[in-house]
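Working notes, beginning with the structure itself.
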Amino acid sequence: AAVEWIVSMKEGLDLASRKPDCVLGVKYEDYVSDIGTRNKVLNFCHLVEDEKFDQYCEQVLRARSSSHRVELPEVIDSEFQRTLKRLDYV
């Protein structure tokens, strides 16, 4: 899963650098915890705000603890850490 995440994030960062008007960068933790962030995403996608969607998000989505660290093989972890840094997580 970590390798897939790294590849996906790098593709997103590349797209954002090539077509910044087509990409809205949002941290997952902000998305799950802040209705304003979710509404910003909906508006960016030209979707209307929806009460059922908000309720679902409030009931189901949860941010992971920042203290939770997954052990990865060094070759993967080093790239994982570089990608986190590019995304302003560290």
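The structure presented is a predicted model; accordingly, all values stated were derived computationally and were not measured.
- Side-chain heavy atoms closer than 4.5 Å link hydrophobic residues (I, L, V, M, F, W, Y) into clusters, and following such links, even through other members, never connects Val41 to Ile35.
- Tracing side-chain contacts under 4.5 Å through hydrophobic residues (I, L, V, M, F, W, Y), one never reaches Leu24 starting from Val48; they form parts of separate clusters.
- Here the side chains of Val26 and Lys40 are not in contact, with every heavy-atom distance at 4.5 Å or above.
- Residues passing the side chain to side chain contact (heavy atoms under 4.5 Å, CB included) test with Phe53 are Tyr31, Arg38, Leu42, Asp50, Cys57, sequence neighbours excluded.
- To the nearest 0.5 Å, atoms CG (Asp77) and CD (Glu74) are separated by 6.0 Å.
- At least one side-chain heavy atom of Glu49 sits less than 4.5 Å from a side-chain heavy atom of Asn43.
- In this structure, Tyr28 is not a member of the same hydrophobic cluster as Phe80, with clusters built from ILVMFWY side-chain heavy atoms closer than 4.5 Å.
- Looking at Asp54 and Asn39, their side chains come closer than 4.5 Å, going by heavy atoms from C-beta outward.
- The same ILVMFWY cluster, assembled from side-chain heavy atoms under 4.5 Å apart, contains both Leu72 and Val75.
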Without placing hydrogens or testing angles, list every side-chain donor-acceptor pair under 3.5 Å for residues 83-90, not counting sequence neighbours.
unit_1, atom_1, unit_2, atom_2, d
Thr83, OG1, Glu79, O, 2.9
Tyr89, OH, Glu29, OE1, 2.7

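- For the residue pair Ile6 and Ile76, the shortest heavy atom distance occurs at CD1-O, 3.9 Å.
- No side-chain donor-acceptor contact under 3.5 Å links Gln55 and Gln59.
- Tracing side-chain contacts under 4.5 Å through hydrophobic residues (I, L, V, M, F, W, Y), one never reaches Leu47 starting from Val23; they form parts of separate clusters.
- Here the straight-line distance linking atom OG of Ser78 with atom CD of Gln81 works out to 8.5 Å at 0.5 Å rounding.
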